[in-house]
Number of protein chains: 2
Amino acid sequence: MTTSSDTRTELLRPDGSPVRVLVVDDEASLTELMSMALRYEGWEVRTAADGAGAVRAARAFRPDAVVLDVMLPDMHGLTVLGRLRRELPDVPVLFLTAKDAVEDRIAGLTAGGDDYVTKPFSLEEVVARLRGLIRRSGAAARRTESVLAVGDLTLDEDSHEVTRGGQSIHLTATEFELLRYLMRNPRRVLSKAQILDRVWSYDFGGQANVVELYISYLRRKIDAGRSPMIHTRRGAGYLIKSAEAAAA
Amino acid sequence: MTTSSDTRTELLRPDGSPVRVLVVDDEASLTELMSMALRYEGWEVRTAADGAGAVRAARAFRPDAVVLDVMLPDMHGLTVLGRLRRELPDVPVLFLTAKDAVEDRIAGLTAGGDDYVTKPFSLEEVVARLRGLIRRSGAAARRTESVLAVGDLTLDEDSHEVTRGGQSIHLTATEFELLRYLMRNPRRVLSKAQILDRVWSYDFGGQANVVELYISYLRRKIDAGRSPMIHTRRGAGYLIKSAEAAAA
DNA sequence: CGCCAACCTGTGAATTCCCTGAGAAACGCC
DNA sequence: GGCGTTTCTCAGGGAATTCACAGGTTGGCG
């Protein structure tokens, strides 16, 4: 429709300014990673390394969403949460928590519409969850659709349903995340490194050819028999586009 | 008739503004938890930590419903109730009380249209009770339906009656709450963590596989022999949808 | 045309995730 | 207090998923 270069639906605040996200974690490498990913989404990002800083930043920055590590040096995440809520009663929070420590401490975290992801997470997952939170919180100007569409291919982020030409397609969790990443960047070449960084968790230590493998899986399910939508740019990466656009 | 994408019916006041709820409890973590859950319902929430604060808040905030802990630091819940009634004669009240201390005086109060839940409660339960109170009090714009329907499955929040294809189904209390939560979010994947936070009481410290277990129970009763409505999204969670929608 | 790098995909093993039976404990009702 | 019901733990089994490996295929380039 409009310029093909950016089909990314921006999440905007009512006044048209970009969404603001506060990231709170004491591990600098992690806040760094997240900042880059979220800024790339077109969001404004501020970071804090501890609870006190988080509260200060919340007051000054007034974010639309917060990413909060449950384990902080100065206070427990739930304490921080309480103080944050005093500043920002309605802001949705995405908690980061260690996989094994899913103890009773976490009970209630997702209860109010908040959400959490366990470390190690994939950036795609974090971004998707954040988008969901912001979408549902009403901070976004318009409640954006939860359905991504490229050509006759659709992917519903709420129901996790994927269809091509109206026909339902079953994907595994990893396949789903990979396809979501591709579809959120249609007509854009994504390198294997980008995909690996984005779809696999940040501590993935395996072979880089898992990407090839999963692209192969996806093709079998998405493109099977039909005109292909997933294309290889040899030496560069992969991209997805509608079959009609491909014909052009 | 197929289920729409978002069946969450907003409870609104006659003038179209969101319903207002006052939460009174001296335990900050509890008011915190409740606030999150109620705001997520789309309601406006104010909190107070003691009886005096409650009366002040009632005067200023003029809520449509009150959640009131019976045990408060400065005065007994029934005393607070009296003062509240002077401010808000018709407002329905949901009492919070310890399990063992269900004084019959409180039990008697429910005759007047009020209601109570015992600690520890589940958020699903509190929200449902509140919805019921508000619905019946007439504060809501229109008397909203108390029946949830997904496909040929119906669940009456008032009578607790559940039917599939016209046939009545007996559920236990937990099964009922789980099904209600699913049905209030049709076609949306709910993670085990979300379900646990919402359907089980906030102090539940047990194994996360109770969710799997109860899903199994529900399937036996809801889906037995018929085309299944409860679906597993491996690695993501569960969702409910009408059998016809599933066939698509 | 031949070679190499990049990519594709079949096979299979390890792992994770989920389901469910059996029974213990808690509850509620007479 | 006794009995049926409900909730929950535990553990085994089974199936889906993830991933490594390796051999085959393709495309670009000299």
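Numbers restart at 1 for each chain; the letters A, B, ... are given by sequence-line order, proteins then strands. Because the structure is predicted, anything quoted here is derived from the model rather than measured.
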Contacts of type side chain to side chain donor-acceptor pair (under 3.5 Å), residue [X], not counting sequence neighbours:
| X | value |
| --- | --- |
| B:Thr174 | none |
| A:Ser122 | A:Glu177 |
| B:Asp26 | none |
| A:Arg234 | none |

Who pairs with [X] by side-chain contact (heavy atoms from CB on, under 4.5 Å), at least two apart in sequence or on another chain?
| X | answer |
| --- | --- |
| A:Thr163 | A:Thr154 |
| A:Ala173 | none |
| B:Ala236 | A:His160, B:Val189, B:Arg233 |

| Per-nucleotide protein contact string for nucleotides 18-30 of chain D, where B marks a base within reach and S marks sugar-phosphate only (heavy atoms under 4.0 Å, - for neither) | BBBBB---BB---

| All ring pair (Phe, Tyr, Trp, His ring centres under 6.0 Å) counterparts of A:Tyr217, not counting sequence neighbours | A:Tyr214

| task | Determine whether the side chains of B:Thr31 and B:Asp25 contain a donor N or O and an acceptor N or O closer than 3.5 Å. | result |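 There is no such pair between these side chains.
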
| With no hydrogens and no angle check, do the side chains of A:Arg136 and A:Ser146 hold a donor and an acceptor under 3.5 Å apart? | no

| field | Terminal helix-axis angle for the helix from C:dC1-D:dG30 to C:dC30-D:dG1, with five pairs defining each axis and rounding to 10 degrees | value |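 Terminal axis comparison yields 30°.
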
Check whether any side-chain nitrogen or oxygen of [X] sits under 4.0 Å from OP1 or OP2 of [N], and answer yes or no.
| X | N | answer |
| --- | --- | --- |
| A:Lys192 | C:dA6 | no |
| A:Arg220 | C:dT9 | no |
| B:His231 | C:dC18 | no |

| With a non-hydrogen cut-off below 4.0 angstrom, is B:Phe176 in contact with a base, only sugar-phosphate, or nothing? |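 The answer is nothing, as B:Phe176 stays clear of every strand by at least 4.0 Å.
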
| Among residues 153-161 of chain A, which residues get a heavy atom nearer than 4.0 Å to DNA chain C? |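 Per residue number, the list is empty: none.
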
Please write out each protein N/O paired with an N/O of nucleotides 26-30 of chain C under 3.5 Å, distance rounded to 0.1 Å.
none

| request: May I ask you to decide whether B:Arg135 forms a salt bridge with B:Asp158, counting only side-chain N to carboxylate O separations under 4.0 Å? | output: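 A salt bridge links B:Arg135 with B:Asp158.
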
Measure the distance from [atom1] on [X] to [atom2] on [N] and round it to the nearest whole Å.
| X | N | atom1 | atom2 | answer |
| --- | --- | --- | --- | --- |
| B:Ile215 | D:dC8 | CD1 | C1' | 16 Å |
| A:Ile195 | C:dC7 | CD1 | C1' | 13 Å |
| B:Arg233 | C:dC19 | CZ | P | 12 Å |
| B:Ile230 | C:dC18 | CD1 | P | 15 Å |

Is [Y] close to [X] at the side-chain level, that is, under 4.5 Å between some pair of heavy atoms?
| X | Y | value |
| --- | --- | --- |
| A:Phe176 | A:Thr172 | no |
| B:Glu41 | B:Arg131 | yes |
| B:Arg188 | B:Leu239 | no |

| query | If you pin A:Ser216 and B:Thr232 to their nearest nucleotides in DNA chain C, which one's is more 5'? | reply |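 This one resolves to A:Ser216.
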
